[in-house]
4 protein chains.
Amino acid sequence: MRAVKSKPRKIATAKSGNTRPAANKVGVTSTQTGRTARPSNRAARAAQRRAAIIAAGLDEFTARGFAATRLDDVARRAGVAKGTIYLHFKDKEALFQELVRTALVPLIVNLTALPAAGGSIREILERFAEAFVRDVAETRRGDIVRLIMAEGARFPSLADFYFREVVSRGLEGMRKLIEGGIARGEIRDARLADFPQIVVAPALVAVMWQGLFGRHAPLDAVAMLRIHLDLIFGERRVS
Amino acid sequence: MRAVKSKPRKIATAKSGNTRPAANKVGVTSTQTGRTARPSNRAARAAQRRAAIIAAGLDEFTARGFAATRLDDVARRAGVAKGTIYLHFKDKEALFQELVRTALVPLIVNLTALPAAGGSIREILERFAEAFVRDVAETRRGDIVRLIMAEGARFPSLADFYFREVVSRGLEGMRKLIEGGIARGEIRDARLADFPQIVVAPALVAVMWQGLFGRHAPLDAVAMLRIHLDLIFGERRVS
Amino acid sequence: MRAVKSKPRKIATAKSGNTRPAANKVGVTSTQTGRTARPSNRAARAAQRRAAIIAAGLDEFTARGFAATRLDDVARRAGVAKGTIYLHFKDKEALFQELVRTALVPLIVNLTALPAAGGSIREILERFAEAFVRDVAETRRGDIVRLIMAEGARFPSLADFYFREVVSRGLEGMRKLIEGGIARGEIRDARLADFPQIVVAPALVAVMWQGLFGRHAPLDAVAMLRIHLDLIFGERRVS
Amino acid sequence: MRAVKSKPRKIATAKSGNTRPAANKVGVTSTQTGRTARPSNRAARAAQRRAAIIAAGLDEFTARGFAATRLDDVARRAGVAKGTIYLHFKDKEALFQELVRTALVPLIVNLTALPAAGGSIREILERFAEAFVRDVAETRRGDIVRLIMAEGARFPSLADFYFREVVSRGLEGMRKLIEGGIARGEIRDARLADFPQIVVAPALVAVMWQGLFGRHAPLDAVAMLRIHLDLIFGERRVS
DNA sequence: GATGAATGAGAATTCATTCAT
DNA sequence: AATGAATGAATTCTCATTCAT
């Protein structure tokens, strides 16, 4: 019964080739992360390094949490020297905050982009559920959500930011959808508009589940979310 | 934008009287925590100290997380010397694990005790929801759940234990209830028995919410859970 | 042309015997510094260690200045572990300040004790000059004065303390003596009472001289101070 | 009780205009320091940069001491890139040494130039005293003297240089003056020629005083030096 | 059993120096 | 020549763990 602190000595440096999985790229264009093509100009190189640090930091922070992460490891994983981190970030905390924010942007983008496609509210939510499971719950992005849940209490400003930029916006969008569903007669219970959290809850549980128990007890998140939607919309479907 | 690391210098020691709020006692009998009455015999004294350490550790670990917690602070809060901790626990990690387990016992007890009271499944679940919000989401016990969510990824054995002792049992109990509901015609969608998580999800979201956003955006958890139950059982009640 | 930074690897630890010169003891009773007899009780041991750290710190700080001194070296020289320093002093700066203050006490004591012996003002000042040269200018105590001159600008509070506790008191005492000398007709120029610094100046120069040029160009400080006194009192003596 | 380490972020660079006070130019011709007129030829430009670095270094080293000075700050203050310093100086220490030497030249010049003007020895020394207070004790030049006193012990070669170039020459010049005074009957005590330090001592004390206590307890250095001269020459003047 | 002083490995951060552009 | 990004050795400070009292 040991805590996971296997020190990742000798992690792939940039020079020796990048072995990070594709899922690693969180809000970082894949070409940047790879560090294979080296841009000719200074600014691009700097941006690249910064991105590498953020990517490496994300890996480490999600794997170990804020306090247990060593900047030494972040540097090694990013393929830069320890001091280089400090050229881009004031201190460990600034890196952490910046990193979470950077990682959140694509989440926000996703959330706001989804409804656009059209169709019935039920269809929109179903697409949302599938996209969420595919792109968040079962990928690296889910780590960010888990990271925020884990460290949020210790970083109120982070929780605030997350609330402001993701949660309140997301819930507001969800409320709009629900109101649309009520107006169109798809959703019966009008009180649902007061608690968009209900609609989202199983999705969040899926995220936590994958992170904590996924390995031992996999969860068919898509099926679960579909049943939950049936609860909300009335179980027309047979799937 | 700072992390919360307010060092709790000069925390009430046992000698100077215990000022911790009642909510502090999590799975620790109040007489033990208080350290007011001093048992005459050795064994009882030892047990008392051990309990004080566990209680103090719970406070610190939930407030700061595993890595950021100082045993110094735990000792001070428990009113014992630092070395004493090592008389009871092999190391910091053993304390942490032991402590979470100890804290989980009453949760398990609660979960298994609830259905006993009788009534319709709907009534049972409603009682469960109220009890959960009252005793977990809005109290110190919620901190434990949040702690497990936060550190679970770093302590697989802990996540395993939690899964085995709490989650699987709890879900199994919930499944039984759901099947009862289906059999009695209270619940229409039979597939719900495959995903008891759906029933529990809003409750968990309430726990997370209180911990992260509760201060700025309070959530009427009871109302939310009731609406969710209406979704599951059909909205007979309008409360 | 190199700066002096010869790292004193393997300095005498307490265990291997104390090789520090006798002149080292600055306001620290010799029995304490030696660390030969180990006191039976805790408190005494602690005081002893604290004293050892202060003594070691004085050596290092006077030899290298504040910024260039490594606490590692102080610890090694004091025969304690690095962390032990932090049990006694908040940080490097606190050690430095505390150390200078501690070292100043005997200086103050000396200054205030000297006039007591009696005799003509001229005799008192001559005794003072001899004592100063013997006990300060040519010993470890002079290092403290030089240290304050060197770091004073960087540590205003230290300069303030030095001014308050040593300089102003010392000058005040000197003024009293001068006024006595004027009253008794020993000193002709009454304006000297306005500038006791004049009387002290050659003594200070002697301190600086020994520190900077003493090795190459020794200065007969006693002779110099005597001639200076002749200037002040009229050159009756021809020595 | 904090050490003074106010990091001079955003110091006026050469490009943004030089805001340093006139007193800054210590042995550096003002046109060089200003970096306003840009010479057309390479060599002149280089010399200009070198001078700017020296001037900036002087500011920083006198303000913080050798060890605590950051070349980053020197570069910023000089309006050059950090690397440029290394084009002119081997390393930090070379800059320091070179800088002190450069700064000392005008001091030497001053010392040797003064007696030339003629008049009685008393008059010469009085002129010297006034010039010293005006040009050294109360200006940036005093910082150099203080710097040498502070770092001299750590840089023996520097102390040697200072001794050779300034102290011994200066004292020799002073001895000549004293001998002149004795020959002319102005000075009675012939032994003064053996200790020119006595004549200089109050001037040095004035320098130290201004640096350490000047802010809180200003000293009328000119008045003090005059009284001291009266001691040496017999108090004819009452001023 | 308790204690808490002492330890020293370890982590964050700084900064002199180098070097590709 | 000049630049300033990058480096990594060095240093301060922390804290889990030990152990003499």
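Residue numbers begin at 1 in each chain, while the letters A, B, ... track the order of the sequences. Since the structure is predicted, the reported quantities are computational estimates derived from the model, not experimental observations.
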- Query: To the nearest Å, how far apart are D:Asp73 CG and E:dC15 P?
  - Reply: 8 Å
- Query: Mapping C:Thr69 and A:Thr84 to their closest nucleotides on DNA chain F, which lands nearer the 5' end?
  - Reply: A:Thr84
- Message: Between P on F:dA16 and CG on B:Asp91, what's the gap in Å once rounded to a whole number?
- Response: 11 Å
- Task: Send over the distance from C:Asp72 CG to E:dG10 P, rounded to a whole Å.
- Result: 15 Å
- Task: Check whether any side-chain heavy atom of D:Leu58 sits under 4.5 Å from a side-chain heavy atom of D:Thr62, and report yes or no.
- Result: yes
- Under a 4.5 Å cut-off applied to non-hydrogen side-chain atoms, are C:Arg77 and C:Val74 in contact? no
- For C:Glu98, check side chain to side chain donor-acceptor pair (under 3.5 Å) against everything at least two apart and list the hits. C:Arg50
- Task: Determine, stepwise, if the pair B:Leu71 / B:Leu95 fulfils side chain to side chain contact (heavy atoms under 4.5 Å, CB included).
- Result: CA-CA 10 Å; B:Leu71 290 190; B:Leu95 167 61; 4.1 Å; yes
- Query: So what does B:Leu71 hit on the nucleic acid, given a heavy-atom distance under 4.0 Å: a base, only sugar-phosphate, or nothing?
  - Reply: sugar-phosphate
- Task: Could I get the full list of ring-ring contact (aromatic ring centres under 6.0 Å, His included) partners for C:Phe96, not counting sequence neighbours?
- Result: C:Phe61, C:Phe66, C:Phe155
- Note on the structure: By ring-ring contact (aromatic ring centres under 6.0 Å, His included), B:Tyr86 pairs with (sequence neighbours left out) none
- Message: Nearest to the D:Leu87 side chain among E:dA6, E:dT17, F:dA2, which nucleotide is it?
- Response: F:dA2
- Task: For DNA chain E, produce a single dot-bracket line, 5' to 3'. Pairs: Watson-Crick or G-U wobble, both distances under 3.5 Å. Symbols: ( ) within strand, [ ] crossing, | other strand, . unpaired.
- Result: .||||||||||||||||||||
- Message: What is the separation between atom CZ on D:Phe89 and atom P on E:dT17, rounded to the nearest whole Å?
- Response: 13 Å
- Note on the structure: Among the nucleotides E:dA12, F:dA6, E:dT7, whichever has the atom closest to the side chain of A:Lys92 is E:dA12
- Task: Check C:Val80, C:Leu99, C:Leu87 against C:Ile53 for a side chain to side chain contact (heavy atoms under 4.5 Å, CB included) and give me the one that passes.
- Result: C:Val80
- Task: Could you tell me whether the phosphate oxygens of E:dG1, OP1 or OP2, come under 4.0 Å of any side-chain nitrogen or oxygen in B:His88?
- Result: no
- Item | E:dT3 base / B:Lys82 side chain donor-acceptor hit below 3.5 Å | no
- Note on the structure: A:Ile53 atom CD1 is separated from E:dA12 atom C1', nearest whole Å, by 15 Å
- Query: Where each residue is assigned the nucleotide of DNA chain E containing its nearest heavy atom, which of A:Gly83 and C:Ala46 is assigned the position nearer the 5′ end?
  - Reply: C:Ala46
- Task: Could you please name the option among F:dT3, F:dT12, E:dT13 that lies closest to any side-chain atom of A:Tyr86?
- Result: E:dT13
- Query: With respect to the phosphate group of F:dA1, does any side-chain polar atom (N or O) of D:Arg50 fall under 4.0 Å of OP1 or OP2?
  - Reply: no
- Between CZ of C:Arg70 and P of F:dA9 the distance, given in whole Å, is 16 Å
- Query: Between E:dA16 atom C1' and D:Glu60 atom CD, what is the distance in whole Å?
  - Reply: 15 Å
- Item | side-chain N/O B:Arg45 vs E:dG1 OP1/OP2, d < 4.0 Å | no
- Task: Please check the phosphate of E:dA5 (OP1 and OP2 only) for any side-chain N or O of C:Arg49 closer than 4.0 Å.
- Result: no
- Message: From the set E:dT17, F:dT7, E:dC15, return the single nucleotide nearest to any side-chain atom of A:Val80.
- Response: F:dT7
- Item | Atom-to-atom span, CD1 of A:Ile85 to P of E:dT14 - whole angstrom | 13 Å
- Message: I'd like to know whether A:Ile54 forms a side chain to side chain contact (heavy atoms under 4.5 Å, CB included) with A:Phe89, so could you lay out the CA-CA distance, the side-chain angles of the two residues, the decisive distance to 0.1 Å, and finally the verdict.
- Response: CA-CA 10 Å; A:Ile54 286 183; A:Phe89 306 94; 3.7 Å; yes
